[in-house]
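Everything on this sheet refers to the single structure shown next.
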Amino acid sequence: MLIHANQSALVLIDLQQKLLPALHQHEAVLAHSVRMAAIAGLLGLPVIGTEQMPDKLGPNHPEVRRLCDKTLSKAHFDACADGLPAALPGAVKQIVIGGCEAHICLLQTALSLIARGYQVFVLLDCCSSRSALDRDAAFERLRQAGAIGVTVEMVAYEWLRDSRHPLFRDILKLVK
């Protein structure tokens, strides 16, 4: 199953500045997430961020926040319960998702999106939890539920499809 740019949106879950330092490999997760959001933005795809109780936990990291077309404030762990589906354009059928914590907010949001009929692609290099065990358990549960594990490079090249794409060189600079 290929990921199609004209059917995709990128959703970044709770990459909040106050939360990131407590997460496993948070610097790499942030760098990959920013790279993915920049690629999606270049291609004109919707980029939606979520923030868990930003009045208490603060906003998303500034690099993430500036790359999001919309940022959804939420209290539920499942962003769908706080309006994520309404924030997605009607043509979107595939959700590329990353963020934290993988075993809580990302997991519940992804499961809810699957239940609503979306194809969900989990960015393995853009997800974290406080422990690697929790993150890996979330990945296993998501696989069992029908989500597909992907990486930033996989998604970028599937969205491009062809080395003759007019943005290939620009995106290649972000991938390398």
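One-based numbering along the sequence shown. Not measured: the values here are computed from a predicted model.
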> Looking at side-chain heavy atoms only, is the closest gap between His24 and Arg130 below 4.5 Å?
Replying inline: no
> Of the non-hydrogen atoms in Asp82 and Ser73, which two are nearest, and what is the gap between them?
Replying inline: CB-O, 4.2 Å
> What heavy-atom pair brings Phe77 and Thr109 nearest, and what distance separates the two atoms?
Replying inline: O-OG1, 3.5 Å
>> To the nearest 0.5 Å, what is the distance between CG on Leu20 and CD on Glu27?
In response: 10.0 Å
> Would Thr71 and Ile48 satisfy side-chain contact (heavy atoms from CB on, under 4.5 Å), going step by step from the backbone distance to the final call?
Replying inline: CA-CA 6 Å; Thr71 300; Ile48 299 168; over 6 Å; no
> What about Met154 and Val175, same hydrophobic cluster or not, with Ile/Leu/Val/Met/Phe/Trp/Tyr joined at side-chain heavy-atom distances under 4.5 Å?
Replying inline: yes
> Does the side chain of Leu10 reach to within under 4.5 Å of the side chain of Leu45, using non-hydrogen atoms?
Replying inline: no
> Hey, what do you get for NE2 (His61) to NZ (Lys18), rounding to the nearest 0.5 Å?
Replying inline: 14.0 Å
> Looking only at heavy atoms, which two atoms of Ala79 and Thr50 are closest? And how far apart?
Replying inline: CB-CG2, 3.9 Å
>> For the backbone of Gly58 and the side chain of Gln16, can you confirm whether one donor and one acceptor N or O come within less than 3.5 Å of each other?
In response: yes
>> Donor-acceptor check, side chain of Arg35 to backbone of Leu174, threshold 3.5 angstrom: yes or no?
In response: yes
> Looking at CG of Leu113 and CD1 of Ile97, how far apart are the two atoms once the value is rounded to the nearest 0.5 Å?
Replying inline: 5.5 Å
> Would you call Glu51-Lys74 a salt bridge at under 4.0 Å N-O?
Replying inline: no
>> Hydrophobic clustering (ILVMFWY, side-chain heavy atoms < 4.5 Å, transitive) - are Leu42 and Leu123 grouped together?
In response: yes
> Rounded to the nearest 0.5 Å, how far apart are NZ of Lys70 and CG of Leu88?
Replying inline: 7.5 Å
>> I need the minimum non-hydrogen distance between Leu23 and Ser128, along with the two atoms involved.
In response: CB-OG, 3.6 Å
>> If hydrophobic clusters are built by linking Ile, Leu, Val, Met, Phe, Trp and Tyr wherever their side-chain heavy atoms come under 4.5 Å apart, do Leu107 and Ile104 end up in the same one?
In response: no
>> Within the 4.5 Å heavy-atom criterion, are Glu101 and Asp14 side-chain neighbours or not?
In response: no
> Got a donor-acceptor contact below 3.5 angstrom from the His76 side chain to the Asp78 backbone?
Replying inline: no
>> Against His4, only a single residue in Gln119, Gln94, Arg161 fulfils side-chain hydrogen bond (donor to acceptor under 3.5 Å, both in side chains); can you say which?
In response: Arg161
>> When you compare the side chain of Val155 with that of Ile39, does any pair of heavy atoms fall below 4.5 Å?
In response: no
> Roughly how far, to the nearest 0.5 Å, is the CD1 atom of Ile171 from the NZ atom of Lys176?
Replying inline: 13.0 Å
> If you measure from CD1 on Ile3 to OG on Ser8, what distance do you get to the nearest 0.5 Å?
Replying inline: 6.5 Å
> Do Leu43 and Leu160 have side-chain heavy atoms sitting under 4.5 Å apart?
Replying inline: yes
> Same hydrophobic cluster for Val120 and Ile148, using side-chain heavy-atom links shorter than 4.5 Å among ILVMFWY?
Replying inline: no
>> Within the structure provided, determine whether Met1 and Phe121 are in side-chain contact (heavy-atom separation under 4.5 Å).
In response: yes
> When you measure from the side chain of Ser33 to the backbone N and O of Val29, does any donor-acceptor pair fall under 3.5 Å?
Replying inline: yes
> Does Ser129 reach the main-chain N or O of Ala102 with its side chain, forming a donor-acceptor pair under 3.5 Å?
Replying inline: yes
> At their closest point, which heavy atom of Cys105 faces which heavy atom of Gln52, and how far apart are they?
Replying inline: SG-OE1, 3.8 Å
> Donor-acceptor pair, Asp125 side chain versus His32 backbone, under 3.5 Å?
Replying inline: no
> To which residues is Leu133 joined in a hydrophobic cluster, defined by side-chain heavy-atom contacts under 4.5 Å among Ile, Leu, Val, Met, Phe, Trp and Tyr, whether direct or through other members?
Replying inline: none
>> Could you check whether any side-chain heavy atom of Arg141 comes within less than 4.5 Å of a side-chain heavy atom of Leu111, counting everything from C-beta outward?
In response: yes
>> As a quick check of understanding, evaluate side-chain contact (heavy atoms from CB on, under 4.5 Å) for Val150 and Leu124, giving each step before the final call.
In response: CA-CA 6 Å; Val150 294; Leu124 302 175; over 6 Å; no
> Between Ala156 and Met36, what is the shortest heavy-atom contact and its length?
Replying inline: N-CE, 4.4 Å
> Under a 4.5 Å side-chain heavy-atom rule over Ile, Leu, Val, Met, Phe, Trp and Tyr, are Val96 and Ile114 clustered together?
Replying inline: no
> Are any non-hydrogen side-chain atoms of Phe168 and Asp162 less than 4.5 angstrom apart?
Replying inline: no
> For Arg135 and Ser131, what are the C-alpha separation, side-chain angles and deciding distance, and is it a side-chain hydrogen bond (donor to acceptor under 3.5 Å, both in side chains)?
Replying inline: CA-CA 7 Å; Arg135 181 203 58 208; Ser131 77; over 6 Å; no
> Given the rule in the side-chain contact (heavy atoms from CB on, under 4.5 Å) test, do Cys100 and Ile13 qualify, once you have shown the distances and angles that lead to the verdict?
Replying inline: CA-CA 6 Å; Cys100 58; Ile13 303 290; over 6 Å; no
>> One pair to check against side-chain contact (heavy atoms from CB on, under 4.5 Å): Leu106 and Val122. What are the steps and the verdict?
In response: CA-CA 9 Å; Leu106 183 126; Val122 179; 4.3 Å; yes
>> Any side-chain to backbone donor/acceptor pair from Asp69 onto Val47? Under 3.5 Å, distance only.
In response: yes
